[in-house]
*Asks:* 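Structure incoming, see below.
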Amino acid sequence: MRAKDLDQLRFRAPEEVNRIVREEAMNSGATVVDVQRAFVERSPDGIIGSQLMLEHLHPNLEGYFVMADVFYNALAEGAEAFVHRSAAKREVLYTVVDSLFGEYRLQQLMGSWPFQAPGVTLSVADTITARSHAEVLALRLFRGDASWFETMIALYELYVREQNDHSALRVALAMVQQFPYIATPYMAAARTMVSQRRLNDAVPYLEVALGIEELADAHYLLGNVHLAHQRLEPALRHLLRAVELDSSDEVTLFQLAQAYVLARREVDALSVLGRLLELSPDHHNAITLRRYLLESASAE
């Protein structure tokens with residue numbers, strides 16, 4: 001601590017500042033959230049080092065979590081809906097690309113003064129070799145060839161192709177957290193939840209997406225969720241709106257026809273099937289369903 005206070009490169013506040021903070025808090029009755037003590041308690045021999053810090057100044061992911069946990073405990077003291085540390089830690093939204101990007105940035109930072117001799121600069125970007133898809137994406141982000149949002153979309157699509165729903169959902173939720181005013185992340189999260197058969201969980205994300213931007217896909221998915229629960233009226237409403245927004249989508253048209261059949265509105269179903277067959281005369285399922293409806297009508 002004494003060495004830190006005498007550091008000639010003053011990135012960090014001296015201990016005198018902490019003394020003043022504690023003294024003023026005591027005089028005014030304010031709560032002191034002692035992050036320093038929390039770091040000391042979680043460090044070997046009480047010496048704060050690389051277990052919680054990236055370099056001399058910034059906490060690493062674990063360090064930031066310790067900091068957040070101490071503040072949360074002080075704010076949530078006595079609260080009924082208390083989230084335990086272990087549960088919160090499982091929900092921290094970061095991806096493997098974020099971690100790699102952080103490692104590259106750290107290597108870059110420590111490749112020059114004051115971590116190297118004056119005048120010495122170690123080039124990082126030229127020495128990194130990507131060995132996985134995630135490393136390729138992280139390297140593109142590090143070199144400025146793609147934005148974080150573009151990188152996360154690419155990572156999400158990679159996980160979808162690999163049918164890794166758990167990782168895809170983490171990426172989608174990380175995007176929601178970072179860009180809560182864009183519909184795309186909510187749609188990505190909803191699609192993954194539907195893929196996991198978590199239909200009810202997907203509904204709030206679809207509704208938020210629609211509140212930001214009216215999308216045919218969002219109406220289609222909401223229609224399917226309601227249809228799966230036999231809620232025909234809202235299912236038809238959303239599927240109809242999806243068709244209004246995109247009248248050429250064959251999947252939505254066929255789903256709307258099926259919903260009409262379930263609602264015993266065969267005439268409307270035949271009308272939709274007619275529109276679908278105009279677009280795709282060889283649509284096997286539409287031909288089969290139309291034949292069934294016509295034969296049923298004739299039999300009656």
*Asks:* Is it true that Leu293 and Leu276 fall in one hydrophobic cluster, defined by side-chain heavy atoms closer than 4.5 Å?
*Replies:*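 The answer is yes; both residues are in one hydrophobic cluster.
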*Asks:* Quick check against the 3.5 Å criterion: does Gln116 have a side-chain atom that pairs as donor or acceptor with the backbone of Met110?
*Replies:*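 Yes.
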*Asks:* Evaluate the criterion ring pair (Phe, Tyr, Trp, His ring centres under 6.0 Å) for residue pair His238 and Tyr220; output intermediate values, then yes/no.
*Replies:* CA-CA 6 Å; His238 283 291; Tyr220 169 75; over 10 Å; no
*Asks:* For Phe39 and Met67, which heavy atoms make the closest approach, and how far apart are they?
*Replies:* CE1-N, 4.1 Å
*Asks:* For Leu215 versus Ala183, what's the shortest heavy-atom pair and its separation?
*Replies:*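 Scanning both residues completely, I find the closest heavy atoms to be CD1-CB, 4.0 Å.
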*Asks:* If you count heavy atoms of other groups shown closer than 6.0 angstrom to CZ of Phe82, is the number above 12?
*Replies:* yes
*Asks:* Where do Ser247 and Arg275 come nearest, in terms of heavy atoms and distance?
*Replies:* CB-NH2, 4.3 Å
*Asks:* Within this structure, what is the CZ-CD distance for the pair Arg290 and Glu266, rounded to the nearest 0.5 Å?
*Replies:*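 With rounding to 0.5 Å, CZ (Arg290) is 14.5 Å from CD (Glu266).
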*Asks:* Output yes when Glu55 and Arg12 qualify as a salt bridge under the 4.0 Å nitrogen-oxygen rule, no when they do not.
*Replies:* no
*Asks:* Is His283 atom NE2 crowded by more than 12 heavy atoms from other residues, nucleotides or ligands, each under 6.0 Å away?
*Replies:* yes
*Asks:* So, the side chain of Asn60 versus the backbone of Glu62: is there a donor-acceptor pair under 3.5 Å, distance only?
*Replies:*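 Here the side-chain-to-backbone pair exists.
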*Asks:* Looking only at heavy atoms, what is the nearest atom pair of Trp113 and Pro118, with distance?
*Replies:*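 In terms of heavy atoms, the two residues are closest at CD1-CG, 3.8 Å.
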*Asks:* Are Leu240 and Leu279 connected into the same hydrophobic cluster when the rule is that any two of I, L, V, M, F, W, Y join if their side-chain heavy atoms are below 4.5 Å apart?
*Replies:* yes
*Asks:* Find out if a path of hydrophobic residues (ILVMFWY) with successive side-chain heavy-atom gaps under 4.5 Å connects Leu6 to Ile48.
*Replies:*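 Shared cluster, no.
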*Asks:* Is the side chain of Arg170 donor-acceptor paired with the backbone N or O of Val92 at a distance under 3.5 Å, no angle test?
*Replies:*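 Between the backbone of Val92 and the side chain of Arg170 there is a qualifying donor-acceptor contact (under 3.5 Å).
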*Asks:* Between His56 and Phe115, is the ring centroid distance below 6.0 Å?
*Replies:* yes
*Asks:* Looking at Arg231, I want to see if its CZ is surrounded by more than 12 non-hydrogen atoms of other residues, nucleotides or ligands under 6.0 Å.
*Replies:*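 It does: Arg231 CZ has more than 12 such atoms within range.
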*Asks:* Evaluate whether atom CZ of Arg264 has more than 12 neighbouring non-hydrogen atoms of other residues, nucleotides or ligands under 6.0 angstrom away.
*Replies:*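 It does not: Arg264 CZ has 12 such atoms or fewer within range.
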*Asks:* Would you please name every residue forming a salt bridge (charged side-chain N to carboxylate O under 4.0 Å, His left out) with Glu214, sequence neighbours left out?
*Replies:* Arg241
*Asks:* Measure the CG-OG distance between Leu100 and Ser132 for me, rounded to the nearest 0.5 Å.
*Replies:* 6.5 Å
*Asks:* Is there a path from Phe254 to Val251 through hydrophobic residues (I, L, V, M, F, W, Y) whose side chains come within less than 4.5 Å of each other?
*Replies:*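 Same cluster.
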*Asks:* Taking only residues two or more places apart in sequence, or in another chain, which ones meet Leu169 in a side chain to side chain contact (heavy atoms under 4.5 Å, CB included)?
*Replies:* Leu173, Ala189, Thr192, Met193, Gln196, Arg198
*Asks:* Would you say Asp282 and Ser280 are linked by a side-chain donor-acceptor pair, where the criterion is simply a distance under 3.5 Å?
*Replies:* no
*Asks:* Decide whether Leu239 and Leu270 are clustered together by the hydrophobic rule: side chain heavy atoms of Ile, Leu, Val, Met, Phe, Trp, Tyr closer than 4.5 Å, transitively.
*Replies:* yes
*Asks:* Look at the side chain of Arg10 and the backbone N and O of Asp5, then say whether any donor-acceptor pair between them is shorter than 3.5 Å.
*Replies:* yes
*Asks:* Work out which heavy atom in Tyr186 is nearest to a heavy atom in Phe179; give both atom names and the distance.
*Replies:*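 Between these two residues, the closest heavy atoms are CE1-O, 4.5 Å.
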*Asks:* Quick one: pull up CD in Glu24 and CZ in Arg19 and give me the separation to the nearest 0.5 Å.
*Replies:* 9.0 Å
*Asks:* Under a plain distance cut-off of 3.5 Å, with no hydrogens placed, do Asp98 and Thr95 share a side-chain donor-acceptor pair?
*Replies:* yes
*Asks:* Between atom OG1 of Thr151 and atom CE of Met175, what is the distance when rounded to the nearest 0.5 Å?
*Replies:* 11.0 Å
*Asks:* Counting only heavy atoms not in Glu23 (residues, nucleotides, ligands), do more than 12 fall under 6.0 Å from its CD?
*Replies:*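 More than 12 within 6.0 Å, yes.
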*Asks:* In chain order, what residues pass the side chain to side chain donor-acceptor pair (under 3.5 Å) check against Asp249, with sequence neighbours excluded?
*Replies:*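 Checked Asp249 against side chain to side chain donor-acceptor pair (under 3.5 Å); matches are Thr252.
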*Asks:* How far apart are the C-alpha atoms of Glu250 and Gln255, what are their side-chain angles, what is the distance that settles it, and do they pass the side chain to side chain donor-acceptor pair (under 3.5 Å) test?
*Replies:* CA-CA 9 Å; Glu250 297 176 11; Gln255 195 73 334; over 6 Å; no
*Asks:* Grab the two heavy atoms, one from Ala81 and one from Tyr72, that are nearest each other, plus how far apart they are.
*Replies:* O-OH, 3.8 Å
*Asks:* Quick one: pull up CG in Leu253 and CG in Leu273 and give me the separation to the nearest 0.5 Å.
*Replies:* 9.0 Å
*Asks:* Rounded to the nearest 0.5 Å, what separates atom CG in Leu222 from atom CG in Asp217?
*Replies:*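 Rounded to the nearest 0.5 Å, the CG-CG separation comes out at 11.5 Å.
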*Asks:* For Leu139, does its backbone N or O pair with a side-chain atom of Tyr104 as donor and acceptor, under 3.5 Å?
*Replies:* no
*Asks:* So that I can tick it off, tell me whether Arg22 and Asp34 are bridged by a salt bridge, with the cut-off set at under 4.0 angstrom between side-chain N and carboxylate O.
*Replies:* yes
*Asks:* With the threshold set at 4.0 Å, does a side-chain nitrogen-carboxylate oxygen contact exist between Glu150 and Arg140?
*Replies:* no
